> 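Below is one structure. I have some questions about it.
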Amino acid sequence: MKYDFNQIEKKWQDHWAKNETFKAVNNSDKPKYFVLDMFPYPSGAGLHVGHPLGYIASDIYARYKRHKGFNVLHPQGYDSFGLPAEQYAIQTGQHPRITTEANIKTYRRQLDQIGFSFDWSREVRTSNPEYYKWTQWIFIQLFESWYNNDSNKAEAINTLVSEFESKGNASVNAACDDDVEIFTADEWNNYSSEQQQEILLKYRLTYLAETEVNWCPDLGTVLANDEIVNGVSERGGHPVVRKKMTQWSMRISAYAERLLQGLDTIDWTDALKDIQKNWIGKSVGAQVEFNVIPTEHSDKEPHTISVFTTRPDTIFGVSFMTLAPEHELVSQITTPKQKAEVEAYIVKTAKRSERDRMADVKTISGAFTGAYAEHPFSKEPIPIWIGDYVLASYGTGAVMSVPCGDQRDYDFAKHFKIPIPNIFEGVDISEGAYASKDNVKITNSDFLDGMNYKKATKRAIYELEQLGQGEGKTNYRLRDAVFSRQRYWGEPFPVYYLNGMPQMIAVEHLPIRLPEVEKYLPTEEGEPPLGRADVWAWDTATNSVVSNDKIDNKTVHPLELNTMPGWAGSSWYFFRYMEEAANRDGVFASEDALNYWENVDLYIGGSEHATGHLLYSRFWVKLLKDRGFVNVEEPFKKLINQGMILGTSAFVYRDEKSGEFYSKGLIADRKVQSIHADVSFVNASDELDVEAFKNWRPEFKDAEFILEDGIYKVGRDVEKMSKSKYNVVNPDDIVSDYGADSLRLYEMFLGPLEQYKPWNTAGITGVHNFLKKLWKLYVDDNGLKVTDAEPAKDNLKTLHKTIKKVEEDIENFSFNTSVSTFMIAVNELTAQKCRSQKILDPLLVLISPYAPHIAEELWSQLGYSDSISTATFPKFEEKFLVESSKEYPISFNGKMRFTMELPLDLSKDDIEAAVMAHEKTIAQLDGRTPKKVIVVPGKIVNIVG
RNA sequence: GCUCAAGUGGCGGAAUUGGUAGACGCGCUGGAUUCAAAAUCCAGUUUCUUCGGAAGUGUGGGUUCGAUUCCCACCUUGAGUACCA
């Protein structure tokens, strides 16, 4: 019998589907384990061999956990809202729903043939109304919540309202907008409903506000900070400009501290934690108030400038202050004499785009306002400057400049010839600022003299508080996240507008379904695509979506035109999987299901989601926990980032003059142009199929090829796998040529999961041959050759060292090394001519997570009727590995020169005697007497001298 | 600039409580089988070598009986971030 992988794999995939072999149950005596992949966006291009890498790893782990006696939840679904389908709709008029469904079909077919143990009965699609109903529901929960900094959690908004009604807002310690004004209970109760709603918006965890956003004109939408890379859109690379717009935002900043602290409780890589820590950007310091010294030109009202500093200990080193050019006080404090210069500077900086400012950090620019502030302690006047190195959006938009302790302040001071007082004892600042906090004492600083950083900081804050001119403060870089998108293919908001104020639609009327539109473009008036919908108004009498012409602003009101961003649906999908599909009506997941599965035990996906999906999910989970809907603080207990599989591109070389294509070895010093050739035209030895290349595109039809030894050799280079580089390898081809088991093994064999590594199809024959050898260990031309013979000692040794290594490897997610281990085991057992079922049974269980089809087939041939996935993982027994002797490496000065076999029970002295008597030792020493002989029994002998 | 990760044969990579560097696989070379090819099997494959050996894990230093593994400095590559006060 031959190893007919195509037939075997189809057979077992059908079997698993029919018998629902991998269906998870919500009640079980077994301990639970939730293994999750980041679900894919179903793109039109389908899967390439890089995509399944993480899925294969998680599938191996899920199958392993089943063997280890766990009730495993291993679901899959689709992040099916998104830009590409919509861009395609704009171009072709095809409804994104239709494109998306077609793409999902392709994905499903491709995934199915790789043999994943997914429980497809729990599939979710973010674009399904039954799903996004609950995304809308969570949005409403955010709207109905405020963050209480005293209890350190989100609470229902009505608790805030009753607080306002009885006490006003003075005693409320909430995460809210900066511009809320203090009001009393009486004032609150006398406000109009609109005024009250307006105030509440400043407290809600999702709020509508005019904010400066990243507008991408080419995509016709705003983008979140994490969707912008190097100043252009992450998708498509389109330019992004700043624009003021009224937008929904998420008050994620309220959770900054908990998002930071929570990192300590989860098992993620340090690299990923660092990225999130950086993004949250906590800095501890003080807020200090500087009074502006009034002049005859200034307003009657006294002004104060608030600054944030992380170095209150250096407050006596202040020699000037710098405001962001956009700072609101600039126009009020600038003296008439300086007015022209200041205004010219503001105009100049406003013209520079954000990107220019970012790219050009070397140029120092600024202007003096003519005004002075008073130093809180020394009462000395401090000149107030403006400069674009101070950002309006961070802290207070103003800094106290300490040139001796901050390099930017130092450079600014040097440039404008501002004095640089030195407050660091014994430190030379003639060349640059001394920014370190360590090993230095403060001097020239009145009451701070002689103190170190820590003491001086504490004292400075205390003294500022005494004066009423400052307090300790912590700042975060994390900004609230813009949540509106001016797009069609996303979740509609469950929101209508009454007198311009947003109103939530009651939960029982959800979902609010995406309306039909004729075109997927913004309207002529610049409104989002939903502005084209004719039936897009909310009737409060019938509680239904009705035609726009019924809008009377009494019972029928306009609906929100924006849609939610891509990360909305993906921020909670892991909870949806916990509930069985049949029980999903009426709940996002039942309490029982949520309590049973808790959170994701193992999450595998790409690190590109570090500051997007992985941060937003954590935020939403914390909100849901605070509001009592779930019981966990973190969604993903352990997270692994799989690396990317890169493509190996092929190049042909066209002579720039003659247009002839030269084989790689013949280029010499010719001027040639490198052209990507499709990798399917190239064989394992880098030889080009010239005819296929000629027929590829008309422009190559008559191309002349200069061959070497009758062959055209291509050049190779490793690049990201992409259509445009013609280096994409489709898993469909690999599966049909070598089988899914070979694909699975090979993806793992390529190298460590987390690493970036190039794909090279030629290498797959190695693992494919291994599977053939494995097959032959069980089956020959006459059928099954396994016997019930007692295993030999060497059989047992091979088996048990394999069990030990594979188990360790899986626990450490070192899948590449276990593939090698399998190869070694099969090579050894073949050489040993092992046929014993007592060895070959457990071997099959070890291999089955990696190569489930062949394992399942042989398992059934061995006579088992239950799926191998239900078999128990073999138990490692040390006793089979115990040795009586050891092949000792004998080193001279640390260099191994030869080995010698010695009994393990030999004493140190006996070992030394035996080694010293060996003829090779004598030859090595060449008459010298060794200074020292190191004997580590069971390990090594090292002779020094 | 700052933060983090990684540098090992022609290629992917293996080896860390410090103890035989290059496992396993690809590729390559030679052989067997075959009319031939594919497939399969066997042997070899870090470099240098006077065939005894010697050197060798990005570079230079250090700790140690012994370093791919630990420490210091530097170089290169990749990722994140970018005037964050």
Side-chain angles (χ1 to χ4, degrees), chain A residues 229-230 269-279 281-283 285 307-311 314 322 324 357-364 387-391 393-402 405-409 411-412 435 475-478 607-608 610-611 641 643-644 648 684-686 716 718 745-746 749-752 754-770 772-773 776 814 816-824 827 887-899 923-924 930-936 938-945:
Chain A
V229 177
N230 296 328
T269 61
D270 287 338
L272 199 70
K273 288 185 184 182
D274 283 348
I275 293 173
Q276 289 211 347
K277 272 182 203 161
N278 262 321
W279 193 260
K282 179 180 185 175
S283 39
V307 301
F308 175 73
T309 175
T310 55
R311 296 295 302 273
T314 64
T322 316
R357 265 170 83 165
M358 254 160 59
D360 177 22
V361 299
K362 289 278 173 286
T363 313
I364 294 159
D388 68 0
Y389 81 96
V390 178
L391 304 179
S393 59
Y394 183 77
T396 60
V399 300
M400 58 175 226
S401 302
V402 183
D406 182 291
Q407 193 57 43
R408 289 156 309 171
D409 295 344
D411 295 339
F412 194 90
N475 245 329
Y476 300 89
R477 200 182 74 111
L478 183 68
S607 60
E608 65 272 21
T611 53
N641 292 125
M644 201 184 284
T648 311
S685 311
D686 295 346
R716 291 287 201 170
V718 172
L745 281 173
Y746 190 50
F749 188 64
L750 281 178
E754 301 89 335
Q755 231 165 67
Y756 280 54
K757 56 233 161 199
W759 177 269
N760 176 11
T761 304
I764 200 170
T765 54
V767 292
H768 189 65
N769 279 339
F770 156 74
K772 285 196 213 164
K773 281 191 221 167
K776 281 195 218 155
S814 173
N816 54 325
T817 49
S818 35
V819 179
S820 311
T821 306
F822 293 140
M823 289 175 171
I824 293 166
N827 287 345
E887 185 87 4
Y888 276 92
I890 312 302
S891 316
F892 291 81
N893 299 316
K895 274 264 162 220
M896 203 283 288
R897 293 308 179 203
F898 64 93
T899 60
Q924 274 291 335
K931 283 193 201 117
K932 205 172 178 184
V933 178
I934 312 276
V935 177
V936 185
K939 281 252 162 103
I940 198 171
V941 177
N942 189 20
I943 297 161
V944 187

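Note on naming: letters A, B, ... go to the chains in the order of the sequence lines (proteins, then strands), and numbering restarts at 1 for each one. Quick caveat, the model's predicted, so the values are computed rather than measured.
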> Phosphate oxygens OP1/OP2 of rA54(B): is one of them under 4.0 Å from a side-chain N or O of Arg897(A)?
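It does, given that an N or O in the side chain of Arg897(A) lies less than 4.0 Å from OP1 or OP2 of rA54(B).
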
> Using a 4.0 Å heavy-atom cut-off across all strands, classify Asn827(A) as base, sugar-phosphate, or nothing.
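Since only primed, P, OP1 and OP2 atoms lie under 4.0 Å of Asn827(A), the category is sugar-phosphate.
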
> With both distances kept under 3.5 Å, what pairs with rC84(B), Watson-Crick or G-U wobble?
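Looking at the geometry, rC84(B) pairs with no nucleotide.
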
> Please classify the nucleic acid contact of Phe822(A) as base, sugar-phosphate, or nothing, using heavy-atom distances under 4.0 Å.
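The residue Phe822(A) makes no contact with any strand.
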
> Under 4.0 Å, heavy atoms only, any strand: does Thr765(A) hit a base, just the sugar-phosphate, or nothing?
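Result for Thr765(A) = sugar-phosphate.
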
> Quick one: does Gln276(A)'s side chain have a donor or acceptor within less than 3.5 Å of a partner on Thr611(A)'s backbone?
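Side chain of Gln276(A) to backbone of Thr611(A): no pair is present.
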
> Please check if the side chain of Lys932(A) supplies one atom and the backbone of Asn942(A) the other of a donor-acceptor pair under 3.5 Å.
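Side chain of Lys932(A) to backbone of Asn942(A), a donor-acceptor pair under 3.5 Å: no, none is there.
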
> Please work out if Lys895(A) contacts a base, only the sugar-phosphate, or nothing of the nucleic acid, heavy-atom cut-off 4.0 Å.
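Base, at least one base heavy atom under 4.0 Å.
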
> Is there a Watson-Crick or G-U wobble partner for rG22(B) with both distances under 3.5 Å, and if so, which one is it?
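Paired with rG22(B), as far as the under-3.5 Å criterion goes, is no nucleotide at all.
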
> Is the phosphate of rA85(B) approached by Arg477(A) (side-chain N or O, under 4.0 Å from OP1 or OP2)?
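For rA85(B), neither OP1 nor OP2 has a side-chain N or O of Arg477(A) closer than 4.0 Å.
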
> Check every strand shown and say whether Gln407(A) touches a base, only sugar-phosphate, or nothing at a heavy-atom separation below 4.0 Å.
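No contact at all - Gln407(A) keeps every heavy atom at 4.0 Å or more from the nucleic acid.
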
> Need the pair for rG27(B). Rule: Watson-Crick or G-U wobble, both distances under 3.5 Å, any strand; none if unpaired.
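Looking at the geometry, rG27(B) pairs with rU45(B).
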
> Quick one: do the Thr817(A) and Ser820(A) side chains pair a donor with an acceptor below 3.5 Å?
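Ser820(A) and Thr817(A) do not have a side-chain donor-acceptor pair below 3.5 Å.
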
> Have a look at Asn769(A) and say if it touches a base, only the backbone sugar-phosphate, or nothing, with a 4.0 Å heavy-atom cut-off.
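Result for Asn769(A) = sugar-phosphate.
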
> If only side-chain N and O atoms of Arg408(A) are considered, is one of them under 4.0 Å from the OP1 or OP2 phosphate oxygen of rG1(B)?
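Checking Arg408(A) against rG1(B): no side-chain N or O falls below 4.0 Å of OP1 or OP2.
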
> Is the phosphate of rU40(B), meaning OP1 or OP2, less than 4.0 Å from a side-chain N or O of Lys772(A)?
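For rU40(B), OP1/OP2 do have a side-chain N/O of Lys772(A) under 4.0 Å.
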
> May I ask you to decide if Ile275(A)'s main-chain N or O and Lys277(A)'s side chain share a donor-acceptor pair within less than 3.5 Å?
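Not at all, since once roles are kept as given, no pair shorter than 3.5 Å links the two residues.
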
> Report the C-alpha separation of Tyr746(A) and Thr765(A) in whole Å, then their side-chain angles, then the decisive distance to 0.1 Å, and conclude whether the side chain to side chain donor-acceptor pair (under 3.5 Å) test is met.
CA-CA 9 Å; Tyr746(A) 190 50; Thr765(A) 54; over 6 Å; no

> Rounded to the nearest angstrom, tell me the gap between atom CG in Asn278(A) and atom P in rU81(B).
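These atoms are roughly 9 Å apart.
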
> Identify the nucleotide, in any strand shown, that forms a Watson-Crick or G-U wobble pair with rA36(B), with both distances under 3.5 Å; if there is none, say none.
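When the pairing criteria are applied, nothing turns out to pair with rA36(B), so the answer is none.
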
> Which nucleotide, in any strand shown, forms a Watson-Crick or G-U wobble pair with rU3(B), with both distances under 3.5 Å?
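Here rU3(B) is engaged in a pair, and the nucleotide opposite it is rA79(B).
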
> For rG52(B), what is the paired nucleotide under Watson-Crick or G-U wobble rules, both distances under 3.5 Å?
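Base-paired to nothing in any strand shown.
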
> When the distance from CG of Asp274(A) to P of rC2(B) is rounded to whole Å, what number comes out?
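About 16 Å, once rounded to whole Å.
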
> Whether Gln755(A) contacts rG13(B) is assessed here as follows: a side-chain N or O lying under 4.0 Å from the phosphate OP1 or OP2. Is that the case?
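The answer is yes; a side-chain N or O of Gln755(A) sits under 4.0 Å from OP1 or OP2.
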
> Counting just side-chain N and O atoms, does Ser283(A) come under 4.0 Å of either OP1 or OP2 of rA85(B)?
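For Ser283(A), the contact criterion (side-chain N or O under 4.0 Å from OP1 or OP2 of rA85(B)) is met.
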
> With heavy atoms under 4.0 Å as the rule, sort Asn816(A) into base, sugar-phosphate or nothing.
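Asn816(A): backbone/sugar contact only, no base atoms under 4.0 Å.
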
